[in-house]
Amino acid sequence: MYAVGIPHPGGPEVLRLVELPTPEPGPRELRIRTTAAAVNPTDTAFRQWGPRASEGLPAPWVPGMEMAGVVDAVGPDSAWAVGERVMAIVMPRRAQGGAQAEYVVVPDNAAAAVPDGIGDVEAATLPMNGLTVYSALLHLGLTAGQTLGVTGAAGAVGGYAIELGRIAGLRVVADAFAQDEELVRGLGADVVVRASRDVTEEVAAFRAAVPAGVDGLIDAAVLDAGALPIVRDGGALATVRFWAGPTERDIRIHPVMVRDHLTDGAEIAKLAQLVVDGRLTLRVADTYPAAEATAAHRRLQAGGTRGRLVLTF
């Protein structure tokens with residue numbers, strides 16, 4: 001089979017299409033013939049740094065944490081059937097590699113059916129990004145009526161945070177640059193504050209809208225320590241790039257670890273139903289053939305992408 005390969009750490013130019021052995025499913029596993037795989041910041045970081053030496057993974061490494069396709073083989077006792085359309089979350093830091101490959105084997109409980117009416121390209125943007133926000137909200141532990149702040153609200157994770165926050169009954173205060181304000185309002189933010197690349201200005205905008213600070217914040221803009229002043233005393237902050245503190249004013253910090261949700265196919269299915277119900281929006285910025293993964297990585301790193309870039313196979 002062919003896959004997007006990282007022969008060694010580096011810039012987007014290091015990416016290559018490589019030939020690898022086609023994996024075989026084991027007990028309670030399925031093999032997916034990939035049709036689409038999303039490109040995420042986790043992929044660009046994996047490409048830049050590679051796996052940790054302690055992980056002992058030989059190159060080339062295959063990136064990708066979320067994908068969609070068709071079941072083409074199943075192992076013993078699998079609950080899936082050949083021919084079913086599925087989406088799945090995948091950990092690239094394993095011997096078999098990640099989602100950006102022609103064939104991908106995952107455990108039964110890492111996958112969810114793709115409902116009729118959702119295309120594979122759109123479905124590929126849901127598993128990891130959706131579970132990121134699911135996990136963030138779970139850890140924040142907010143109750144209906146409380147205030148959720150969202151930085152980086154126009155991005156893929158930020159958009160899901162707005163919509164899932166509203167579904168949870170939260171008052172959502174989200175940031176947006178001028179060109180994104182209509183988008184963020186359309187996603188359902190109750191209050192939109194002006195985003196800024198100056199952290200002090202960003203904090204001031206949130207505090208003007210919520211003087212006491214938000215009850216919980218999903219920091220999709222990766223402000224990390226800079227996001228703490230947006231949160232009220234004793235509130236909670238969910239970070240998406242592993243930042244864990246130090247904290248202040250008794251604010252709880254929860255780094256979102258999507259690797260803790262690699263068997264949450266049932267939650268992916270629930271998220272997919274919200275899409276079918278018109279309550280959650282899948283946003284695709286653009287598609288690239290897998291052979292053009294370098295271009296997709298360059299575009300993502302340039303910033304300003306609204307929705308996800310998706311590789312097609």
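Other residues, nucleotides and ligands place more than 12 heavy atoms under 6.0 Å from the CZ atom of R249. Heavy atoms from other residues, nucleotides or ligands lying under 6.0 Å from CG of D260 number more than 12. No more than 12 heavy atoms of other residues, nucleotides or ligands lie within 6.0 Å of CD in E19, so this atom counts as exposed by the packing criterion.
Checked for salt-bridge contact, E102 and R33 meet the test: a charged N lies under 4.0 Å from a carboxylate O. Between E267 and K270 there is a salt bridge, since a side-chain N of the basic residue sits under 4.0 Å from a carboxylate O of the acidic one. With respect to E182 and R185, no salt bridge is recorded, no charged nitrogen being found less than 4.0 Å from a carboxylate O.
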Stepwise side chain to side chain contact (heavy atoms under 4.5 Å, CB included) check, V310 with V39 = CA-CA 6 Å; V310 179; V39 180; over 6 Å; no

Run the side-chain hydrogen bond (donor to acceptor under 3.5 Å, both in side chains) check on T294 and E13 step by step: do they pass?
-> CA-CA 6 Å; T294 292; E13 69 281 355; over 6 Å; no

What's the verdict on side chain to side chain contact (heavy atoms under 4.5 Å, CB included) for I218 and L137, showing C-alpha distance, side-chain angles and the deciding distance?
-> CA-CA 8 Å; I218 295 179; L137 290 172; 4.0 Å; yes

Before giving the answer on side-chain hydrogen bond (donor to acceptor under 3.5 Å, both in side chains), spell out for D108 and S78 the whole-Å C-alpha distance, their side-chain angles and the decisive distance to 0.1 Å.
-> CA-CA 6 Å; D108 272 12; S78 174; 2.9 Å; yes

Mind running side-chain hydrogen bond (donor to acceptor under 3.5 Å, both in side chains) on T239 and D219 for me, showing each step along the way?
-> CA-CA 5 Å; T239 65; D219 180 28; over 6 Å; no

Checking side chain to side chain contact (heavy atoms under 4.5 Å, CB included) for the pair I32/V70: CA distance, chi angles, key distance, verdict?
-> CA-CA 5 Å; I32 303 166; V70 178; 5.9 Å; no

List the steps, then state whether side chain to side chain contact (heavy atoms under 4.5 Å, CB included) holds for V256 with H139.
-> CA-CA 8 Å; V256 176; H139 286 298; 5.5 Å; no

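Here the straight-line distance linking atom CE of M65 with atom OG1 of T42 works out to 5.5 Å at 0.5 Å rounding. One distance of note links CG of L126 with CG of L274; it measures 9.0 Å at 0.5 Å rounding. The distance from atom CE of M257 to atom CG of L262, rounded to the nearest 0.5 Å, is 12.5 Å. To the nearest 0.5 Å, atom CE of residue M1 and atom CG of residue L20 are 5.0 Å apart. Taking CG from D264 and CD1 from I268, the interatomic distance works out to 7.5 Å, rounded to the nearest 0.5 Å. Atoms CD and CD, on E66 and Q100 in that order, are 10.0 Å from each other to the nearest 0.5 Å.
Listed by chain and residue number, H261 satisfy the side chain to side chain donor-acceptor pair (under 3.5 Å) test with S135 (two or more places apart in sequence, or in another chain). Every residue was checked against the salt bridge (Lys or Arg N to Asp or Glu O under 4.0 Å) condition with D198, not counting sequence neighbours, and none meets it. Partners of R47 by salt bridge (Lys or Arg N to Asp or Glu O under 4.0 Å), not counting sequence neighbours: none found. Q146 meets the side chain to side chain contact (heavy atoms under 4.5 Å, CB included) test with L142, T143, L170, D215, R232; sequence neighbours excluded. For F313, the ring-ring contact (aromatic ring centres under 6.0 Å, His included) partners at least two apart in sequence or on another chain are Y2.
Across all their heavy atoms, P255 and W243 have their closest contact at CG-O, 3.5 Å. When all heavy atoms are compared, the tightest approach of A37 to A99 is CB-O, 3.8 Å.
Looking only at side-chain heavy atoms (C-beta outward), P9 and W49 stay at 4.5 Å or farther from each other. At least one side-chain heavy atom of V104 sits under 4.5 Å from a side-chain heavy atom of V90. Side-chain contact between P25 and R31 is present, with heavy atoms from C-beta onward closer than 4.5 Å.
If you chain together hydrophobic residues whose side chains sit under 4.5 Å apart, L217 and L228 fall into the same group.
Applying the salt bridge (Lys or Arg N to Asp or Glu O under 4.0 Å) rule to pairs touching residues 281-304 yields D286-R299, sequence neighbours excluded.
Remark: the backbone N or O of A101 is paired with a side-chain donor or acceptor of T34 at under 3.5 angstrom. At least one donor-acceptor pair under 3.5 Å links the side chain of D175 to the backbone N or O of G152. Looking only at distances, no side-chain donor or acceptor of R308 sits under 3.5 Å from a matching main-chain atom of N40. At distances below 3.5 Å, at least one donor-acceptor pair connects side-chain atoms of R94 with backbone N or O atoms of G97.
A cation-pi arrangement is not found for R194 relative to F177, the charged atom failing to lie both closer than 6.0 Å to the ring centre and inside a 45° cone about the ring normal.
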